[in-house]
Amino acid sequence: MAETMYDMAIIGGGPGGYTTAIRAGQYGLKVALIEREKKLGGTCLHWGCIPTKSLLFDAEVYDHLKNATEHGIEGVGQVTINWKTILDRKNGIITKHVKGLDFLMRKNKVTTIEGYGKLTGAAKEGIHSISVETASGEKKVVQAKNVVIATGSDARLLPGVESDANRILTNMEILALPRIPKSMVVIGAGAVGVEFGSIFKSFGSEITIVEYLPRLVPNEDEDVSKELSRVFRKRGIDTYTGAKVDKVEKTNDGVKVTFTGTDGKQVAKEAETVLVAVGRAPRTANLGLEATKVEVDRGFIRVDEWMQTGEPGVFAIGDVVAGLPQLAHVAAMAGMVVAAKVAGKRARPVRRDRIPACTYCEPQIGSVGLTEAQAKAAGHEVKVGKFPFSANSKASIVGSHEGFVKVVADAKHGELLGVHIIGPQATEMIAEAVVALELEATIEELMFTIHAHPTLAEAMLDGFGSVENMAINV
Ligand SMILES: Cc1cc2nc3c(=O)[nH]c(=O)nc-3n(C[C@H](O)[C@H](O)[C@H](O)COP(=O)(O)OP(=O)(O)OC[C@H]3O[C@@H](n4cnc5c(N)ncnc54)[C@H](O)[C@@H]3O)c2cc1C
């Protein structure tokens, strides 16, 4: 029998798990957070959101410096990259935030337990038992009235392909490369693939992107995919869509990726490295789920709108959940919903159509709500507006003219259905659209919402106006 009975035990200390723990602690629940690694933070902090955006910011600084003379700044000279400093800076940011998480756990009286957590079976008299084993083989049992599974995901690889330290890479190895590769084939044009492709292009690598589906960023609105393809071409990024990878082989000094295009022709591309970015597999094996009523669908856990699994008192959040996008803010919000439910507080379910999706490539993409095609398929009579950044004065000032704001609205009632931005600061600007959707705003209300001048956000105002053919600046 374990000494302590917890109100909630969370397996996994990524953004899903640690956010649930903090919020549950704030509600006064007795919480245990079980993490197999020595450091909290999960994929997001160590191998995902944070390190990639650190590299991205450095790539942007480098791009600006290369063009310094355009801004009247002379004497910068030949700018070069110190890759080690870039990696050290990234690692410093991670370390700082790991310490921040440890502080937040103490502040919210969360007990962190290091080790691999696994349910020992179904609950007995409403009490769940989790066996926890450390890397050195020490074992203990944690007992709790509620359990949250937040074990996250791993990079998928292609059949027969294995990653290594410097040639066949996933999101993990690429973040510790010994040097910037001269060339890279990126397999997969989802967020992870296009972000790394864009970053390493800025750092000087020759980039080829190979995507199985017919377009880049296939979950985005079609117009966004088209614009990204156009800008990537202009940046010198080679893209192949509708292309099926047949083989990935190591060569004497790199890799060879062979793929077949829509025309049935086989193409072979040689490069120094290949990044495999073909999606993420949920970590749900070896969690003891078989002995419970938790339902699993192709590895993903089925939950109801409150993230409750088929086993009473067992919840699942984050990348392991079936039918939700694998994003840190989705994991975190789902955790806050669970914490509120368990604490008996008011909560609102996570709505699929109100989740912002951000892709941090150059140009950035931010979107929320229905795409034009989804809105039509859902039976809406659709009205669409589109405003180009080339007509926005702040975009001219910051020297970033690519892209647009696209607004999808319901023609009958003028309700906002979706916003799709590609261009400067799209990942920041999308927040306005999320709030507008959350408050069920109409186009008319948004057209009378004052946006400061000169800002990139004014492109939103013009985007809303363009739905009625009344953008001011075009
Ligand atoms: C390259 C890349 C870039 C990304 N960029 C973004 C971005 O910009 N924005 C965004 O929103 N999302 C981004 N994501 C996605 C984001 O990282 C994930 O959606 C998020 O980390 C999921 O959180 P999670 O808590 O579900 O899982 P994770 O972050 O994967 O955390 C799970 C934790 O559980 C632990 N664990 C697993 N099994 C056990 C066990 N049995 N016992 C104990 N501990 C266990 C793991 O060690 C890990 O720490 C990115 C992902 C990648 C790969």
Side-chain angles (χ1 to χ4, degrees), residues 9-21 32-57 90 94 98 101 112-119 130-135 142 147-156 169-175 186 188 190-200 275-289 300-301 307 315-321 324-336 338 355-361 364-366 427-428 430:
I10 302 159
I11 310 179
Y18 70 67
T19 307
T20 315
L33 179 62
I34 303 161
E35 168 57 54
R36 62 181 184 175
E37 302 289 341
K38 293 207 174 314
K39 294 170 184 170
L40 295 180
T43 303
C44 171
L45 180 53
H46 297 279
W47 313 107
C49 327
I50 304 301
T52 53
K53 272 82 234 179
S54 171
L55 297 192
L56 175 80
F57 184 74
K90 161 191 78 87
I94 294 172
V98 168
L101 287 176
T112 48
I113 300 172
E114 192 188 316
Y116 187 94
K118 186 175 170 177
L119 283 162
I130 299 164
S131 69
V132 182
E133 184 169 356
T134 63
V142 173
V147 174
V148 182
I149 300 169
T151 46
S153 60
D154 286 308
R156 279 188 207 279
L169 316 169
T170 68
N171 65 297
M172 295 179 94
E173 298 81 17
I174 196 171
L175 289 169
V186 177
V192 173
V194 298
E195 282 183 20
F196 277 119
S198 179
I199 290 168
F200 279 89
L275 170 70
V276 185
V278 293
R280 310 223 10 118
R283 290 191 196 111
T284 49
N286 200 22
L287 284 180
L289 301 183
F300 289 95
I301 298 177
M307 317 313 290
F315 300 82
I317 59 168
D319 283 9
V320 293
V321 171
L324 276 184
Q326 293 177 304
L327 293 167
H329 44 278
V330 178
M333 186 52 78
M336 289 191 258
V338 171
I355 296 172
C358 291
T359 304
Y360 303 76
C361 48
Q364 295 185 0
I365 300 168
T427 58
E428 302 288 338
I430 197 63

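Counting convention: from 1, in listed order, for ligands and their atoms alike. These numbers come from the heavy atoms of this one structure, side chains and all, not from hydrogens, waters or symmetry mates.
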Is the closest side-chain heavy-atom distance between Leu289 and Ile149 below 4.5 Å? yes
Would you please determine whether Tyr18 falls within less than 4.0 Å of ligand 1 on a heavy-atom basis? no
Counting C-beta onward and ignoring hydrogens, is there a side-chain heavy-atom pair between Ile317 and Thr19 closer than 4.5 Å? no
Would you say the side-chain atoms of Glu35 pair up with the backbone N or O of Leu40, donor to acceptor, closer than 3.5 Å? no
Using a plain distance cutoff, I'd like to know if Leu287 has any nitrogen or oxygen under 3.5 Å from a nitrogen or oxygen of ligand 1. no
Check contact between Gly335 and ligand 1, using heavy atoms of the residue and a distance below 4.0 angstrom. no
Any idea which of Ile11, Asn171, Asp319, Thr43 brings a heavy atom closest to atom 26 (O) of ligand 1? Asp319
Check whether any side-chain heavy atom of Thr112 sits under 4.5 Å from a side-chain heavy atom of Tyr18, and report yes or no. no
Please write down residue, atom name and distance for the protein heavy atom closest to atom 34 (O) of ligand 1. Gly12 CA, 3.2 Å
When you look at Ile11 and Lys118, which way does the side-chain contact (heavy atoms from CB on, under 4.5 Å) test go after all the steps? CA-CA 8 Å; Ile11 310 179; Lys118 186 175 170 177; over 6 Å; no
Which atoms of ligand 1 sit under 4.0 Å from any heavy atom of Val192? 1 (C), 2 (C), 52 (C)
Quick one: does Arg36 get an N or O within less than 3.5 Å of an N or O on ligand 1? yes
Here the gap from Met172 atom CE to Thr43 atom OG1, rounded to the nearest 0.5 Å, amounts to 7.0 Å
Taking only heavy atoms of Tyr116, which atoms of ligand 1 are found under 4.0 Å from at least one of them? 40 (C), 41 (N), 42 (N)
Side chain or backbone of Thr151 under 4.0 Å from ligand 1, or both, or neither, by non-hydrogen atoms? both
From OH (Tyr116) to CG (Asn286), nearest 0.5 Å: 4.0 Å
Quick one: does Arg283's side chain have a donor or acceptor within less than 3.5 Å of a partner on Thr151's backbone? yes
Below 4.0 angstrom from a heavy atom of Ile34, which ligand 1 atoms are there? Numbered from 1 as shown, please. 43 (C), 44 (N)
Residue Lys53 excluded, over 12 heavy atoms near NZ under 6.0 Å: yes
Under 4.0 Å, heavy-atom basis, I'd like to know which part of Arg280 is in contact with ligand 1: side chain, backbone, both or neither. side chain
Which atoms of ligand 1 are found less than 4.0 Å from any heavy atom of Gln326? 15 (C), 19 (O)
Does any part of the side chain of Ile301, heavy atoms only, come nearer than 4.5 Å to the side chain of Pro282, both counted from C-beta? no
Measuring from atom CD1 of Ile199 to atom OH of Tyr360, what distance do you get when rounded to the nearest 0.5 angstrom? 11.5 Å
Which protein heavy atom lies closest to atom 31 (O) of ligand 1, and at what distance to 0.1 Å? Gly14 CA, 3.4 Å
Counting heavy atoms only, which of Pro15, Gly13, Gly279 is nearest atom 23 (O) of ligand 1? Pro15
Supply the atom-to-atom distance Asn171 CG to Thr52 OG1, rounded to the nearest 0.5 angstrom. 9.0 Å
Say whether, by atom type as modelled, one donor and one acceptor occur between the side chain of Ser54 and the main chain of Ile50 under 3.5 angstrom. no
Residue portion contacting ligand 1 (non-hydrogen atoms closer than 4.0 Å) for Ala150: backbone
Mind checking whether Thr52 has an N or O less than 3.5 Å away from an N or O of ligand 1? no
Sidechain-backbone polar pair: Gln326 side chain, Asp319 backbone, donor-acceptor under 3.5 Å: yes
Going by the atom numbers of ligand 1, which of them fall below 4.0 Å from some non-hydrogen atom of Gly16? 25 (O)
Could you grab the distance from atom CD1 of Ile34 to atom CD1 of Ile130, nearest 0.5 Å is fine? 4.0 Å
Is there a polar contact between ligand 1 and Gly117, counting only N or O atoms under 3.5 Å apart? yes
Who gets closest to atom 46 (C) of ligand 1 by heavy atom: Glu35, Lys118, His329, Lys53? Glu35
Within a reach of under 6.0 Å around CE of Met336, are more than 12 heavy atoms found that belong to other residues, nucleotides or ligands? yes
Region of Arg283 engaging ligand 1 - heavy atom pairs below 4.0 Å: side chain
For ligand 1, find out whether one of its N or O atoms is nearer than 3.5 Å to an N or O atom of Gly48. no
Decide whether an N or O pair under 3.5 Å exists between Cys44 and ligand 1. yes
If the cut-off is 4.0 Å to any non-hydrogen atom of Gly152, which atoms of ligand 1 fall inside it? 26 (O), 27 (O), 28 (P), 30 (O), 32 (C)
Backbone, side chain, both or neither: what part of Asn286 comes under 4.0 angstrom of ligand 1, heavy atoms only? neither
Tyr360 neighbourhood, listing ligand 1 atoms whose heavy-atom distance to it stays under 4.0 Å: 8 (O)
Check: Trp47 N/O within less than 3.5 Å of ligand 1 N/O: no
Minimum-distance protein heavy atom relative to atom 4 (C) of ligand 1: Cys49 N, 3.5 Å
Only heavy atoms of Gly42, strictly under 4.0 Å: list the atoms of ligand 1 that pass. 29 (O), 31 (O), 48 (C), 49 (O)
Is a side-chain donor-acceptor pair under 3.5 Å present for Glu173 with Thr170? yes
Closest to atom 11 (O) of ligand 1 among protein heavy atoms sits Ala328 N, 2.8 Å
Examine the proximity of ligand 1 to Ser153 and report which part, side chain or backbone, both or neither, has a heavy atom under 4.0 Å away. backbone
Can you measure from CG (Leu324) to CE (Met307) and round to the nearest 0.5 angstrom? 5.0 Å
What do you reckon, does Gly318 have a nitrogen or oxygen under 3.5 Å from a nitrogen or oxygen of ligand 1? no
